[in-house]
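Just below is one structure, and these are the notes that go with it.
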Amino acid sequence: MLATFVHAFKTPDLRRKLLFTLGVIVVYRLGTHVPIPGVNYKAVQQCLDQTSGSQGLFGLVNLFSGGALLQITIFALGVLPYITASIILQLLTVVIPRLEALKKEGQAGTAKITQYTRYLTVGLALLQGAGLVSTARSGTLFSNCTAASDIVPDRAIFTTVTMIITMTAGTCVVMWLGELITDRGIGNGMSILMFVSIAATTPSALWAIKKQGTLAGGWIEFGGVVLVALAVVGLVVFVEQAQRRIPVQYAKRMIGRRSYGGTSTYIPLKVNQAGVIPVIFASSLLYIPALVLQFSHGDSKWQTWIAQNLTKSDHPIYLTAYSVLIVFFAFFYVAITFDPDEIAGDMKQYGGFIPGIRAGRPTAEYLGYVLNRITWPGALYLGLIALIPAVALATTGASQNFPFGGTSILIIVGVGLETVKQIESQLQQRHYEGFLR
């Protein structure tokens, strides 16, 4: 692999792409440490020390921002507004005929949908920025900190508006940096920035586990977590690469004096067709009860029940609800992103058929049957991976910000595999030996 990196850096255009990507990553990481105007940086650091890295309700947003959310920096919102906007547009494509027509127009339609995604990202950044500023002003961003009310000392309207606009502008810069990587660097830009954000918090989380450990100065717990992480990474790589290949045969057609078709190919159906989206959906949905509880006052029965059952990640009711939601959203997302009728129609139009299956409706039913069968193990696998932080919390006493669990490890491995494949393909075009042999 080291020899392959040497070959990559010896190729001028590929070296420029790699260095450009690394440069953008450095700029992005610098932005995650620049506080916005109106924030008392000393009070923020004091609260971070008092809470000992416990992120609670804001853990998901802080994960995608590389720890910038709780430090209230210019990149505090990170890539999450863009990810949310992309998911919303993808879901609306199935519902709104205009968006579905744009999707079928090819590159021009995709560019239009991308423009809509940018506009929606700005709107979501304004809403999320206003929510973060309001939470910081009220002192609920760090509920167990004595200096939480001093994080935003100036409560003037101008200061509040300036803070919201600064975070929204920071989100726009992050979106621009991601598009620069996509156009001039290696891999998908937003995925790379998301990968960097999650990977940046891993060393500190690992060191926190070592400091909390009691066996041999914490090194035994540290080594155990690393070994478990390697095993989980191997499992994730195995499942993410697994796919069911459905053979497709195209009949020969004579157009003039030329013969077309007669080739064999396959439809690759991944075991984890939904990716990490079900985990994000389930996590976001389970944050709603805790969010309602945090901004509500009183001591009623329903508030007590939510506080006891839906705010602790190691509670059996929370774990059950989390697993059920992941399985549900896995089937839901696969159902709206993969249309067997559309695939069967395209195959019939171009003279393709699955051996032993009639074209048209029987092909669509067969594809749906196979997809449902392989979605079950994929959904159960997502549920298993997502429960790793809860198991770690119950067995080792690790913090809820466990470095190798659920969303983080799925994104790190998924983005890493896609980026490696892209570098490998460019190396193979230049007759070099790739990463995956």
Side-chain angles (χ1 to χ4, degrees), residues 1 4-5 8 14 17-33 55 59-69 73 75-87 121 170-171 173-206 226 229-230 232-237 239-241 270 272 274-280 283 382 385-386 388-389 401-426 435-436:
M1 181 178 289
T4 308
F5 274 110
L14 191 56
K17 290 182 178 181
L18 290 172
L19 293 177
F20 179 81
T21 303
L22 292 176
V24 173
I25 289 174
V26 171
V27 173
Y28 173 69
R29 288 305 300 164
L30 288 175
T32 58
H33 293 86
Q55 299 172 357
L60 183 66
V61 185
N62 197 64
L63 176 70
F64 285 107
S65 65
L69 172 75
T73 65
F75 290 168
L77 301 179
V79 300
L80 194 60
Y82 185 86
I83 296 172
T84 307
S86 301
I87 294 174
T121 300
T171 301
V173 172
V174 171
M175 181 169 55
W176 176 64
L177 293 176
E179 293 182 353
L180 280 180
I181 293 178
T182 303
D183 294 338
R184 301 173 56 184
I186 293 292
N188 181 277
M190 299 308 295
S191 298
I192 294 293
L193 294 182
M194 185 165 52
F195 172 90
V196 171
S197 299
I198 297 173
T201 61
T202 301
S204 60
L206 273 175
V226 171
L230 293 176
V232 173
V233 167
L235 173 63
V236 172
V237 171
V239 178
E240 291 296 323
Q241 297 287 85
K270 295 181 63 178
N272 182 23
V276 74
I277 300 300
V279 180
I280 297 177
S283 302
L382 284 177
I385 296 297
I388 289 178
N401 187 27
F402 190 67
F404 296 112
T407 310
S408 59
I409 198 165
L410 288 170
I411 292 175
I412 287 177
V413 175
V415 176
L417 285 174
E418 291 301 322
T419 306
V420 164
K421 287 181 180 178
Q422 184 168 347
I423 297 176
E424 176 189 301
S425 64
Q426 297 196 28
F435 289 97
L436 304 178

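Since we're looking at a predicted model, the values are computed, not measured.
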Taken in chain and number order and not counting sequence neighbours, the residues that satisfy side chain to side chain contact (heavy atoms under 4.5 Å, CB included) with Val239 are Leu235, Val271, Tyr381
Give me the one residue out of Ile25, Leu19, Leu18 that meets side-chain contact (heavy atoms from CB on, under 4.5 Å) with Thr21.
-> Ile25
Sort out for me which residue in Val413, Ile385, Val237 forms a side-chain contact (heavy atoms from CB on, under 4.5 Å) with Val232.
-> Ile385
Excluding sequence neighbours, so at least two apart, what forms salt bridge (charged side-chain N to carboxylate O under 4.0 Å, His left out) with Glu179?
-> Arg118
Distance-minimising heavy-atom pair for Lys17 and Arg184 | CG-O, 3.6 Å
Value rounded to 0.5 Å, distance of CD1 in Ile192 from CD in Glu418 = 10.0 Å
From Arg29 atom CZ to Leu193 atom CG, the distance as rounded to the nearest 0.5 Å = 10.5 Å
Decide yes or no on side-chain contact (heavy atoms from CB on, under 4.5 Å) for Val173 and Tyr28, but give the supporting numbers first.
-> CA-CA 9 Å; Val173 172; Tyr28 173 69; over 6 Å; no
Do Ile83 and Met190 have side chains that get closer than 4.5 Å, going by heavy atoms?
-> no
Answer yes or no: is there a side-chain heavy-atom contact under 4.5 Å between Leu410 and Leu382?
-> yes
State, yes or no, whether a side-chain contact exists between Thr171 and Tyr82 at a heavy-atom distance under 4.5 Å.
-> no
Heavy-atom closest contact (Ala85 atom, Thr121 atom, distance) | CB-OG1, 3.4 Å
Would you please name every residue forming a side chain to side chain contact (heavy atoms under 4.5 Å, CB included) with Ser191, sequence neighbours left out?
-> Asn188, Val415
Quick check: does any side chain N or O of Thr419 sit under 3.5 Å from a backbone N or O of Gly187, one acting as donor and the other as acceptor?
-> no
Where is the tightest heavy-atom contact between Lys270 and Glu240, given as atom of each residue plus distance?
-> CE-O, 3.3 Å
